[in-house]
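One structure is given below, encoded as structure tokens.
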Amino acid sequence: MARIHSLTRRDDAPAMLVQLTDSHLFGEPETSMLGVNTDASLRAVLRQIEADGKHPDLLLATGDMSQDGEAAAYRRLARVLSEAPALAQANIRCLPGNHDLPAVMRQELPQWSVPVTDVGAWRVVALDTTVPGSNAGHLPASQLDLLEAALAEAPGRHTLLAMHHNPMQIDSHWHDSMMIDNPQALFKLLTRWPQVRVLLWGHVHHEFDRRRHNLRMLATPSTCFQFSIRDGKHVVDNMAPGYRWIKLYQDGSMATGVRRVQDALWHGAKTAADNAQAA
């Protein structure tokens with residue numbers, strides 16, 4: 001069983017989580033991708049969190065935090081998140097996505113890579129769905145075993161499960177070849193553990209919210225560029241980046257919402273990209 005970290009707080013107080021995902025930072029900070037300076041865009045999202053008055057107990061970074069897997073990108077991510085006023089009291093947890101290099105991420109961010117964290121009445125489990133050399137995802141037996149052990153050890157705790165890849169089709173009119181390829185194994189396991197209340201992921205670069213029996217399934221906009229499905233095609237969307245907040249209550253209920261960067265902050269990030277390209 002993986003090492004478990006417990007966050008100190010009153011068990012009867014709701015826990016505030018914030019999810020950031022798909023920041024796609026490069027080793028060089030002035031690099032842009034699809035017209036967005038990903039470094040400036042992440043900073044704009046962090047300023048939005050501060051403007052919204054969110055002070056999370058736990059920040060979940062759900063993969064593709066780096067685009068190139070370079071150690072410099074993870075070091076800069078650590079610096080940017082550690083310096084953000086809104087995250088001053090937050091514990092931070094990261095899991096890898098298909099653009100990350102998991103070994104480099106864990107080497108550079110060892111304390112943030114703990115897979116199981118207890119906060120209030122909840123347990124948060126972070127799984128690694130990456131497949132070397134592939135954009136698609138897979139849940140190997142080792143990760144399913146980690147999940148089942150974490151659930152068996154704390155059957156009285158409500159559980160939030162986080163991963164990078166989506167375990168289901170987001171749009172029935174578009175075949176997603178980059179989701180996890182064995183979602184049935186995950187959902188079969190979860191039928192035995194009804195304390196899992198939330199399944200959270202990134203990867204898709206847009207908002208998603210659906211229920212499956214007692215399970216709330218959520219995806220979140222990227223902190224940089226967005227995607228959407230139009231006429232059965234996967235296209236870049238001009239919507240602003242954002243984050244998800246989740247309030248977890250002792251009785252297993254939850255409240256959640258997505259906040260996107262306000263126009264002034266978003267245009268500032270776009271301008272930074274234009275200036276970098278002009279230089």
Side-chain angles (χ1 to χ4, degrees), residues 2-8 15-33 36-52 54-117 119 124-130 162-164 200-203 220-225 241-246 261 265 269 272-273 276:
R3 180 164 56 95
I4 297 171
H5 184 81
S6 182
L7 307 187
T8 303
M16 174 62 76
L17 277 67
V18 161
Q19 180 197 10
L20 299 178
T21 193
D22 296 87
S23 294
H24 292 275
L25 298 182
F26 290 82
E28 293 295 328
E30 296 304 321
T31 306
S32 294
M33 187 175 184
V36 178
N37 181 312
T38 58
D39 189 279
S41 182
L42 172 60
R43 292 174 189 272
V45 173
L46 292 170
R47 289 194 294 272
Q48 187 65 57
I49 296 171
E50 183 180 7
D52 292 339
K54 303 297 185 190
H55 300 284
D57 301 294
L58 181 64
L59 176 82
L60 290 173
T62 54
D64 281 0
M65 305 312 289
S66 169
Q67 168 65 19
D68 52 18
E70 289 192 17
Y74 297 115
R75 289 195 291 267
R76 194 167 68 262
L77 174 69
R79 184 171 65 254
V80 170
L81 296 186
S82 297
E83 293 174 352
L87 305 183
Q89 304 302 317
N91 283 266
I92 299 174
R93 296 291 178 268
C94 292
L95 58 86
N98 48 291
H99 286 283
D100 291 302
L101 290 179
V104 178
M105 187 193 79
R106 293 177 183 124
Q107 178 178 332
E108 296 296 329
L109 307 172
Q111 294 182 327
W112 292 2
S113 299
V114 177
V116 183
T117 303
V119 52
V124 176
V125 182
L127 298 182
D128 181 349
T129 57
T130 60
M163 60 182 66
H164 179 68
L200 180 69
W201 63 84
H203 193 47
T220 298
S222 164
T223 67
C224 53
F225 50 86
Y243 71 94
R244 180 178 292 280
W245 61 268
I246 307 174
V261 173
L265 290 175

Kindly indicate, with the supporting measurements, whether the criterion side-chain contact (heavy atoms from CB on, under 4.5 Å) is fulfilled by Arg43 and Val80. CA-CA 7 Å; Arg43 292 174 189 272; Val80 170; 3.2 Å; yes
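- Residues Val114 and Arg93 share a closest heavy-atom pair of O-CD, 3.5 Å.
- The two residues Ala86 and Pro56 make their nearest non-hydrogen contact at O-CD, 3.4 Å.
- With hydrogens and angles disregarded, no donor-acceptor distance shorter than 3.5 Å links the side chain of Ser23 to the backbone of Thr223.
- Distance check, rounded to the nearest 0.5 Å: OG1 of Thr31 to CD of Gln67 gives 10.0 Å.
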Go through the steps to decide whether Met105 and Ser66 satisfy the test side-chain contact (heavy atoms from CB on, under 4.5 Å), and finish with yes or no. CA-CA 9 Å; Met105 187 193 79; Ser66 169; over 6 Å; no
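- Contact between Asp128 and Arg106 at its shortest, heavy atoms only, is OD2-NH2, 2.7 Å.
- Rounding to the nearest 0.5 Å gives a distance of 11.0 Å between CG of Asp39 and CD of Glu28.
- Using modelled atom types, one side-chain atom of Asp100 and one backbone atom of Asp64 make a donor-acceptor pair closer than 3.5 Å.
- Two residues are said to be in side-chain contact when any heavy atoms from C-beta on lie closer than 4.5 Å; Leu20 and Leu81 meet this criterion.
- Checked by atom type and distance alone, the side chain of Arg76 pairs as donor or acceptor with a backbone atom of Phe26 at under 3.5 Å.
- For the atom pair Leu95 CG and Leu60 CG, the distance stands at 7.5 Å (nearest 0.5 Å).
- In this structure, the side chains of Trp245 and Asp52 stay at 4.5 Å or more apart for every pair of heavy atoms.
- When every heavy atom of Trp201 is checked against every heavy atom of Thr62, the shortest pair comes out as C-OG1, 4.3 Å.
- Pairing each heavy atom of Pro241 with each of Cys224, the nearest pair is CB-O, 3.4 Å.
- Distance check, rounded to the nearest 0.5 Å: CG of Leu77 to CG of Leu109 gives 6.0 Å.
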Applying side-chain contact (heavy atoms from CB on, under 4.5 Å), run through Phe225 and His24 and close with a yes or a no. CA-CA 9 Å; Phe225 50 86; His24 292 275; 4.1 Å; yes
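- Within the 3.5 Å criterion, the main-chain N or O of Gly202 finds no donor-acceptor partner in the side chain of Asp22.
- The shortest distance between side-chain heavy atoms of Asn98 and His203 falls below 4.5 Å.
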Output, in order, the C-alpha distance, side-chain angles, deciding distance and verdict of side-chain contact (heavy atoms from CB on, under 4.5 Å) for Val124 and Leu17. CA-CA 10 Å; Val124 176; Leu17 277 67; 4.2 Å; yes
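- One finds the CG atom of Leu58 at 12.0 Å from the CE atom of Met16 (value rounded to the nearest 0.5 Å).
- Summarising the geometry, atom CD1 belonging to Ile92 is positioned 11.5 Å from atom OG1 belonging to Thr117; distances are rounded to the nearest 0.5 Å.
- Of all heavy-atom pairs spanning Met33 and Thr38, the tightest one is CB-CG2, 4.2 Å.
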